[in-house]
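All residue numbers refer to positions in the sequence shown, counting from 1.
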Amino acid sequence: MMGIRVSELAKEIEMSNAELLSALEDLGVPATGVASIIDMDTAQAIREMFGKGVEGRKTVEIAAGATVKDLATAMGVPPSDVQKRLMKMGVLAAINQRLSASAAQKLAGVYGFNVKVKLEHKPVAPVNAPKHKSPGGGMQPRPPVVTIMGHVDHGKTTLLDAIRHTNVVEGEFGGITQHIGAYQVEVDHDGEKRKITFLDTPGHAAFTAMRARGASVTDIAILVVAADDGIMPQTVEAIDHARAAEVPIIVAINKIDKPDSNPDRIKTQLTEYNIVPRDYGGETECVLISAKKKQGMEDLLEHILFQADLMELKADPHAKPAGVIVEAKQEVGRGPVATVLMNQGTLRVGDNVVCGLAYGKVRAMMNDRGERLNKATPAMPVEIIGLSLVPKAGDKLEEVKDERTARQIAEQRQQKQRLNRLAASHRVTLEDIYRRIHEGEAKDLNLIVKADVQGSVEAVVGQLQQLPQNEVKLNVIHSGVGTISENDITLASASDAIVLGFNVRSDQPAQNAAEREKIDVRTYQVIYELTESVERAMKGMLEPIYEEIQMGKAEVRQTFRTPKGVIIAGCLVTEGKVTRNAEVRVNRGKETVFTGKIESLKHLKDDVREMAQGFECGIVVADFTDVQVGDILETFEMKQLERKLE
């Protein structure tokens, strides 16, 4: 039977392959891929339904993001009829639910209308994109920026590994992604080479700030949920970050190869957080994958590119270059190295830039595979070398006309920061701190934090600040990137601080200085161990709490005085036991006349360690000579309780 390929028909009616396949699925037309053959009668019906400029058909005009009611009103059709038509297409939609342009076109075609959408196009670009127009060129399609988010150990890095065909997981400490990585991959989509930029955000709660920053520079969020585990606290955090950034979410239900996987349970749990899967009548795509076995990868990439096509992502490569720092670190032999995600414009080697407090000229540029580049276009992540110092992750990168201007801007920002710090340091005087400590109102634990990259610094400091500090105040007096240096030890000595290193070591001068100044330097490679150590240190600074444990009682039956004047109380142990060196309370009637310690304990003429109930013994109470017959010696011990931070 004669027919036409899906890809050829899509090109003819000016639709993307993904849009046409989705439309065919909604209409019940069997088509498994772009190479599927559509019979000529069906193809003609599709042309009439979705074709551009079909003669003899009335055109209705609607605004972008029109609701079901808006479209029904424009066509002169009852909204309830449109809802029924949507139900036949497998979509349960409210009357005020917004329709995508393709969905509106499908519906209008069923009723014999063409649709013209009034586009108020605002290009979707990462945060802080410049608003000015470039002198030449214009907006052009750009790759989508995708953030992979989710709970720790749910398979985020393994998913990225499956896409990149590399292995990142095995070299990581504690199975946790320690830093944000930015990678660009090229995929074959309908015979066309398409690029996707991925941001890999760590899943541990300590890296919340990094994950939030990752969501703020992304277009699409991939929420990875393990099919054998379910929605976890960090999964909810990831949902919140994606919503705050107002980006669409695609759920990747991972680990479907495991025998105890239950994707339907995951979909049900998602509805509790207002994420309704498409097969439950909602708008969220849920893709079943196994990152470990590379199952479902093509389906996931297809959904990413389909979503990107709907968003019509564009940027101006001819605009003034601007980007955002994703990660930054200090490397031996290379100096400050920053990973930049370009927002607009084209960054070139030799450009003068300023980002945060750093400035410089781009001396070299590399992609995620280590290949040297001469330029970076929008949505491309690159490593740049040539900055004066390590910028902070999240700083904006801007191109300026010359290095002098860049230096002036950076120095002005540095001066402003110094003034802010100076103002903050004078809010509490040394005299005030001294008074508060001696009045028991405050105790301080001073820390210096060093880590390998800026993202880790922020993560460690953020986690430490979450520790309760009602009784012990934790002060991070300095934090920075790089090896622990002698300057850090000098600062610690002057401020009675402990030095903490995360994924870094001390250089030899620092080790010598720490030994000389008796400074406590501790290094870690897993963040849990670092925070637990600090928490233990904070507990050690708390005032101890003791609990009195009753041990026994002895009744004084008679007293003896030795030639040296020592009074021995002849006693009968009436309750529990009496031990040597135990705390003792001498009770006379209802009154306690003395509290001290048992100095010696004898049975007949022998020294003993303890005496049990029913036995007679001789007891000497230290520093007390007024023991009388009838006194009750009550022994106890004071047990120190473990203090918890409140």
Under the 3.5 angstrom rule, does the side chain of [X] hit a backbone N or O of [Y] as a donor-acceptor pair?
X	Y	result
Ser479	Val449	no
Asp299	Gly296	no
Thr218	Val145	yes

Report task. Mind checking side chain to side chain contact (heavy atoms under 4.5 Å, CB included) for Thr284 and listing every partner two or more places apart, or none if nothing turns up? Result ->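 Partners of Thr284 under the side chain to side chain contact (heavy atoms under 4.5 Å, CB included) test: Val251, Ile275.
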Report task. Kindly write out the residues that satisfy side chain to side chain contact (heavy atoms under 4.5 Å, CB included) with Glu532, not counting sequence neighbours, or none if the list is empty. Result ->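 In terms of side chain to side chain contact (heavy atoms under 4.5 Å, CB included), with neighbours along the sequence ignored, Glu532 is linked to Arg536.
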Query - Candidate pair Gln295 and Ile289, rule side-chain contact (heavy atoms from CB on, under 4.5 Å), full reasoning - result: CA-CA 5 Å; Gln295 296 177 6; Ile289 66 167; 5.9 Å; no
Any residue meeting salt bridge (charged side-chain N to carboxylate O under 4.0 Å, His left out) with [X], in chain and number order, not counting sequence neighbours:
X	value
Glu399	none
Arg404	none
Asp520	Arg522
Lys329	Glu331

Query raised in the report: Would Val337 and Glu327 satisfy side-chain contact (heavy atoms from CB on, under 4.5 Å), going step by step from the backbone distance to the final call?
Result: CA-CA 9 Å; Val337 179; Glu327 191 55 271; over 6 Å; no
Report summary line: With Leu397 as partner, the option from Val324, Leu387, Val362, Val353 fulfilling side chain to side chain contact (heavy atoms under 4.5 Å, CB included) is Val353
Requested in this report: Among Val534, Ile448, Val460, find the one that has a side chain to side chain contact (heavy atoms under 4.5 Å, CB included) with Leu500.
Outcome: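 For Leu500, the side chain to side chain contact (heavy atoms under 4.5 Å, CB included) check succeeds only for Val534.
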Could you grab the distance from atom [atom1] of [X] to atom [atom2] of [Y], nearest 0.5 Å is fine?
X	Y	atom1	atom2	result
Leu313	Gln307	CG	CD	9.0 Å
Thr523	Glu529	OG1	CD	10.0 Å
Thr377	Lys195	OG1	NZ	6.0 Å
Leu341	Met380	CG	CE	10.5 Å
Gln454	Thr339	CD	OG1	13.0 Å
Cys355	Leu389	SG	CG	8.5 Å

Requested in this report: Begin with the C-alpha distance, continue with both residues' side-chain angles, and end with the deciding distance and a verdict on side chain to side chain donor-acceptor pair (under 3.5 Å) for Tyr273 and Thr235.
Outcome: CA-CA 10 Å; Tyr273 300 94; Thr235 315; over 6 Å; no
Which heavy atom in [X] sits nearest to a heavy atom in [Y], and how many Å separate them?
X	Y	value
Lys361	Gly350	CG-O, 3.4 Å
Arg407	Tyr359	NE-OH, 3.4 Å
Ala338	Ile325	CB-CD1, 4.1 Å
Pro391	Ala328	O-CB, 3.3 Å
Met366	Leu373	C-CD1, 4.3 Å
Ser506	Ala510	CB-CB, 4.2 Å

Report task. Output every pair passing salt bridge (Lys or Arg N to Asp or Glu O under 4.0 Å) with a member in residues 371-386, not counting sequence neighbours, ordered by first then second residue. Result ->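 For residues 371-386: Arg334-Glu383, Arg369-Glu371.
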Query - salt bridge (Lys or Arg N to Asp or Glu O under 4.0 Å) contacts in which one or both residues fall within residues 475-492, not counting sequence neighbours - result: Lys450-Asp488, Glu486-Arg516
Query raised in the report: Just wondering, more than 12 heavy atoms not from Glu515 lying within 6.0 Å of its CD?
Result: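 Not buried by this count: 12 neighbours or fewer within 6.0 Å.
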Query raised in the report: Taking everything shown except Glu403 itself, do over 12 heavy atoms lie less than 6.0 Å from its CD?
Result: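 Atom CD in Glu403 is crowded, with more than 12 foreign heavy atoms closer than 6.0 Å.
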How about [X] and [Y]: do any of their side-chain heavy atoms sit closer than 4.5 Å?
X	Y	result
Asn274	Ile239	no
Cys286	Leu270	yes
Asp351	Met365	no
Leu464	Leu530	yes
Arg194	Asp309	yes

Qualifying residues under side-chain hydrogen bond (donor to acceptor under 3.5 Å, both in side chains), relative to [X], sequence neighbours excluded:
X	value
Gln508	Asn512
Thr197	Gln184
Asp402	Thr405
Glu398	Arg413

Query raised in the report: Please walk me through it: do Ile304 and Ile196 pass side-chain contact (heavy atoms from CB on, under 4.5 Å)?
Result: CA-CA 9 Å; Ile304 292 172; Ile196 305 174; 4.0 Å; yes
Query - Derivation and outcome, side-chain contact (heavy atoms from CB on, under 4.5 Å), residues Ile222 and Val287 - result: CA-CA 10 Å; Ile222 303 296; Val287 186; over 6 Å; no
